[in-house]
Novice: 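Before I ask anything, let me first share the structure, which is written out below as C-alpha cells.
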Amino acid sequence: MVHLEHPTQIGILGGMTAEEALRLLRIGAVEIIPQEDLFKKLQSEKKLTVKLGLDPTRPDIHIGHAVVLRKMRQFQELGHKVVLIIGDFTAMIGDPSGRSKTRPPLTLEETRANAKSYVEQVGKILITSDKERFELRYNSEWLENLGFKEVIKLTSLLTVAQMLEREDFKKRYSEGVPISIHEFLYPFAQGYDSVPIACDVEMGGTDQKFNLLVGREVQEAYGLEKQVAFIMPLLVGGDGQKMSKSLDNYIGITEEPSEVFRKLMKIEDPYLQTYFELCTDLTPEEIKEVMEKGGPVGAHRVLARLVAGAYAQELIPSRLDKAFYQSLGYSWDAHGHDQEGTAPVVQQAEARYYEIAHGGIPNEMPEVTLHPGELHEGKIAIARLFTLAGLTASNGEARRLIEQKGLRLDGEVLFDPKMEVALDRPRVLQRGKDRFVRVVPD
RNA sequence: GGGUAGGUGGCCGAGUGGUUAAAGGCGACAGACUGUAAAUCUGUUCUCUCCGGAGUACGGCGGUUCGAAUCCGCCCCUGCCCA
C-alpha cells in the first residue's frame, strides 16, 4: 500500500529558519511582492495568516488550483494558518479577471450551496481538520452589511486610470465591450476580505496580481500591516487553452484515478514540461532526465503515475518527488517504460488506459438503467439508446456518428442507423475511442 | 437627456422580402494516420423523422405580406459621440 503521510508529521517543517523557509516557499512562485516583507514576517516567528479567496460559482477544484493549494500546504507545514475565503458575496459581482464578458451574477443561496463541496475537495491537499491551521470564512459575513461610507473609502483608493490599466479592462474598453461599474468594485471587495482576517499573505495565480495588490492598499487604509502578494503560475489545460470543464482538458482533483491518468497522458507535448514543473516536486534535473530517457510517451507515463497516484490518496502527499514515485513501486531507472508499479490504484488506472488504447473494453464504466417504457417488444432504436445513455446529444447526432463509424455496440462498429437493439442483457455502448456506458435493462 | 451604430447558430461574422436551417472562419465531434500526442487529410456540427418530410430559430412583443433574419411600430439591451 502507498505510504500515506501521517497527520502528526505535519508541522515537521516548523523548526526551519526564516531563510530556509523562504527558500522553500520561493520554489515555483512567480512573484512574491515584496519578498522582503515575507522574509520579515517569517522572521517575526508569529503564526502567519495565509489567505486564498475562492469563487464558489464553479463547484470543482482542478489541478490548476492545486498548484496554489500545495504551496499553501507548505505554509501549513511551516506552522502557519490558512484561511479560505468563500466569496459568496463577491460571486454576486463576478471576478472580471481575465474575462471578456460580464459574469452573470449569482445569489447568495446558490453560492453557499457550492461552498460545502469545496471544503471537502480542498481537504485533499490542505490540512482542514486542525483549527490552528485552517479556517473557513464566507465574505458575506462582512461585506453584506458594509455601508456605503466604507465603499466610498475603499473606492477612493484607486483611480479610473489605474483600473483601466488592467489588461482585461483595457482590452474590453478599447474593443468597446461593455464593462459594468460594479465590476470595478470586485478588487475592493476582495481586498477588504484581508482586513477582518488580518491577512499576512494572500495567494493567487498570475491573473490575481492586481487584486492581491489592491488588498495591500486596503489594509494600509485600515491601519493594518500590508499583506504579501504571493503569486503562483497559472496552469493551462493540456491543450494550452484555459482549463475549462466543458473541454476535456480539465482535471478535477477528486476525479477517478483512471480519468486523471488518461487526461494526463493526453497532455500535448509542448505543455508536458510545465505540468512537471507545476504538478510535481521533481527537480529540474530529474525532469530533464525523465524527458530525455523516457521520450514523450515515457515522460507522460511518469507524470500520470505520479499525479494520479498522489491524487488517489485521501490526503495528497506534500511532496510529489522521486521518492514518492518509487513508493508507488516504480523503478526510477526505467523512466516509465516498465509497468510494474505496486500501487493498486495506479496499476488499475494504467491497465485501463492501455486496455482502451488497444481497442479493449474496460470493466469499469458508468452504468445507465433504462426505463422499461422505452422498450418496444424488448427492443429500442439504436440512436435513441445512445441518446438516453447520454453519449449523444440527440438522435440525429447518433445517426450521424453511426454513418461516420464513430459508435460501437459491445465492441462492434455500428453501420446501420436504423438498427434495433434487444436489451435482454447489459450492453456496452461506446463513442469514439474512450467514452463508454453500460446500459442495463431495468 | 440628444445624436448615431448595432443586437444572427458555442464564439466571430456574412446576409436587407422567397432559391436561407442561414456563406465563411474558429471551436467542437467522428474517421484515417499516430504515441488514445501534435500536424495533416476526410466527414459532420438546431430538434424530430416511417428519410418523403415536419417543427423550431436570427434581442422581445405585435403588425404588414401569399411569404420576414430581412419592411413597419413599440419595448429591452449594448458601443460610440455630445450633454
Side-chain angles (χ1 to χ4, degrees), chain A residues 99-102 104-105 164 169-183 236-251 258-276 290-291 294-304 308 335-337 339 349-362 365 374 376 379-388 390-409 411-420 429-436:
Chain A
R99 285 250 142 185
S100 53
K101 281 184 183 173
T102 306
L164 289 176
F169 281 146
K170 194 196 279 180
K171 191 155 176 281
R172 281 163 68 177
Y173 190 66
S174 65
E175 288 174 1
V177 180
I179 303 170
S180 290
I181 304 284
H182 77 275
E183 292 182 73
V236 294
D239 53 1
Q241 301 186 61
K242 191 176 173 186
M243 206 175 272
S244 154
K245 205 150 192 209
S246 52
L247 303 172
D248 203 27
N249 68 3
Y250 179 104
I251 308 178
S258 60
E259 272 299 283
V260 176
F261 193 96
R262 182 182 73 82
K263 288 177 180 174
L264 288 166
M265 288 299 283
K266 279 177 78 121
I267 285 166
E268 293 175 18
D269 294 356
Y271 305 102
L272 190 58
Q273 174 87 25
T274 308
Y275 268 70
F276 266 111
V290 169
M291 301 274 270
V297 181
H300 270 91
R301 235 179 256 148
V302 173
L303 177 74
H335 297 311
H337 289 298
Q339 290 185 33
E350 195 162 351
R352 185 183 201 272
Y353 176 82
Y354 282 103
E355 198 179 351
I356 295 169
H358 297 128
I361 298 171
M365 67 178 83
E374 293 290 348
H376 302 285
K379 291 185 167 187
I380 183 167
I382 189 74
R384 177 129 184 98
L385 181 61
F386 270 88
T387 303
L388 287 172
L391 282 176
T392 51
S394 66
N395 296 349
E397 184 182 47
R399 288 192 200 96
R400 271 181 247 121
L401 283 168
I402 290 170
E403 280 165 20
Q404 294 176 54
K405 308 270 180 274
L407 299 183
R408 288 166 188 251
L409 175 69
E412 299 296 319
V413 176
L414 294 167
F415 55 89
D416 178 13
K418 290 182 190 169
M419 176 184 180
E420 301 238 306
L429 310 185
Q430 180 179 357
R431 169 175 178 164
K433 290 167 194 159
D434 53 13
R435 289 161 74 180
F436 299 87

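Every chain is numbered from 1 and lettered A, B, ... according to where its sequence line falls, protein lines coming before strand lines.
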Novice: What integer number of Å spans the C1' atoms of B:C58 and B:U44?
Specialist: 23 Å

Novice: For B:G6, give its Watson-Crick or G-U wobble partner with both distances under 3.5 Å, or none.
Specialist: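 When the pairing criteria are applied, B:C77 turns out to be the nucleotide that pairs with B:G6.
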
Novice: Starting from C1' on B:U49, measure out to CZ on A:Arg384 and report it in whole angstrom.
Specialist: 13 Å

Novice: What nitrogen or oxygen pairs link the protein and nucleotides 31-36 of chain B at under 3.5 Å?
Specialist:
residue, atom, partner, partner atom, Å
B:U34, O4, A:Lys433, NZ, 3.3
B:G35, O6, A:Asp269, OD2, 3.0
B:G35, N1, A:Asp269, OD1, 3.2
B:G35, N1, A:Asp269, OD2, 2.8
B:G35, N2, A:Asp269, OD1, 3.0
B:G35, N2, A:His300, ND1, 3.4
B:U36, O2, A:Asp434, OD2, 2.9
B:U36, O4, A:Tyr353, O, 2.6

Novice: Is the backbone of A:Ser258 close enough, under 3.5 Å, to the side chain of A:Arg352 for a donor and an acceptor to pair up by distance?
Specialist: no

Novice: I'd like the P distance from B:C74 over to B:G79, given in whole Å.
Specialist: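 Going atom to atom, P in each nucleotide, I get 22 Å.
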
Novice: Using the rule side chain to side chain contact (heavy atoms under 4.5 Å, CB included), only one of A:Leu407, A:Leu429, A:Leu391 pairs with A:Leu385; which is it?
Specialist: A:Leu429

Novice: Should B:C41 form a Watson-Crick or G-U wobble pair with both distances under 3.5 Å, which nucleotide is its partner?
Specialist: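 Paired with B:C41, as far as the under-3.5 Å criterion goes, is B:G31.
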
Novice: Please enumerate all protein N or O atoms sitting under 3.5 Å from an N or O of nucleotides 76-78 of chain B, with distances to 0.1 Å.
Specialist:
none

Novice: Looking at every heavy atom in both A:Asp434 and A:Arg262, which two are closest together, and how far apart are they?
Specialist: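 In this case the closest contact between A:Asp434 and A:Arg262 is OD2-NH1, 3.1 Å.
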
Novice: Could you tell me the separation between the CD atom of A:Glu175 and the P atom of B:C80, rounded to a whole number of Å?
Specialist: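 Nearest whole value for this atom pair: 12 Å.
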
Novice: I'd like to check A:Leu272 versus A:Leu303 (side-chain heavy atoms, cut-off strictly below 4.5 Å). Are they in contact?
Specialist: yes

Novice: By nearest heavy atom, map A:Leu401 and A:Tyr173 onto RNA chain B; which one lands nearer the 5' end?
Specialist: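 Its nucleotide being nearer the 5' end, the pick is A:Leu401.
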
Novice: Keeping A:Asp239 on the side-chain end and A:Glu268 on the backbone end, is there a donor-acceptor pair under 3.5 Å?
Specialist: no

Novice: If only side-chain N and O atoms of A:Asn395 are considered, is one of them under 4.0 Å from the OP1 or OP2 phosphate oxygen of B:U47?
Specialist: no

Novice: Could you check how far CZ of A:Arg400 sits from C1' of B:C48, rounded to whole Å?
Specialist: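 For the pair A:Arg400 CZ and B:C48 C1', the rounded distance is 12 Å.
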
Novice: Work out how far the C1' atom of B:U4 is from that of B:A83, and round it to whole angstrom.
Specialist: 15 Å

Novice: Give a yes or no on whether A:Tyr354 atom OH has more than 12 heavy-atom contacts from other residues, nucleotides or ligands under 6.0 Å away.
Specialist: yes

Novice: Any side-chain to backbone donor/acceptor pair from A:Arg384 onto A:Asn395? Under 3.5 Å, distance only.
Specialist: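 Not at all, since once roles are kept as given, no pair shorter than 3.5 Å links the two residues.
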
Novice: Strictly below 4.0 Å: does A:Ser394 bring a side-chain N or O up to OP1 or OP2 of B:C46?
Specialist: no

Novice: Over how many whole Å does the gap from A:Met419 atom CE to B:U49 atom C1' extend?
Specialist: 20 Å

Novice: In whole Å, measure the gap between the P atoms of B:U34 and B:C46 for me.
Specialist: 32 Å

Novice: Check the distance between B:C26's C1' and A:Gln241's CD and give it to me in whole angstrom.
Specialist: 10 Å

Novice: Rounded to the Å, how far apart are A:Glu403 CD and B:C51 C1'?
Specialist: 10 Å

Novice: Looking at residues at least two apart in the chain, or sitting in another chain, which of them share a side-chain hydrogen bond (donor to acceptor under 3.5 Å, both in side chains) with A:Glu350?
Specialist: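 Listed in chain order: A:Arg305, A:Tyr330.
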
Novice: Could you give the distance separating B:C51 and B:C61 at their P atoms, to the nearest angstrom?
Specialist: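 Between the two P atoms, the distance is 35 Å.
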
Novice: When the C1' atoms of B:G13 and B:A69 are considered, how many whole Å apart are they?
Specialist: 14 Å

Novice: Taking A:Arg400 first and then A:Glu397, would you say they form a salt bridge - that is, a charged N and a carboxylate O separated by under 4.0 Å?
Specialist: no

Novice: With rounding to the closest Å, how many angstrom separate the C1' atoms on B:G63 and B:C12?
Specialist: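 Their C1' atoms lie roughly 33 Å apart.
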
Novice: Testing the basics here: between A:Ala383 and A:Arg399, what is the closest heavy-atom pair and its distance to 0.1 Å?
Specialist: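 Shortest heavy-atom contact: CB-CG, 4.0 Å.
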
Novice: Tell me whether B:G18 sits syn or anti, counting syn as a glycosidic angle within 90° of 0.
Specialist: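 What B:G18 shows is an anti base, its glycosidic angle lying more than 90° from 0.
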
Novice: May I ask which nucleotide in the shown strands pairs with B:G62, Watson-Crick or G-U wobble, both distances under 3.5 Å?
Specialist: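 B:G62 is paired, partner B:C72.
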
Novice: What distance, rounded to whole Å, do you find between the two C1' atoms, one in B:G35 and one in B:A21?
Specialist: 40 Å

Novice: Round to a whole Å and report the spacing from OH of A:Tyr250 to P of B:A28.
Specialist: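 That distance rounds to 18 Å.
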
Novice: Is it the case that over 12 heavy atoms from other parts of the model lie below 6.0 angstrom from the CD atom of A:Glu412?
Specialist: no

Novice: Let me know the distance between CE of A:Met291 and P of B:A37, rounded to the nearest Å.
Specialist: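 Rounded to whole Å, this separation is 18 Å.
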
Novice: Scan every strand shown for a Watson-Crick or G-U wobble partner of B:C46, both distances under 3.5 Å, and answer none if you come up empty.
Specialist: B:G55

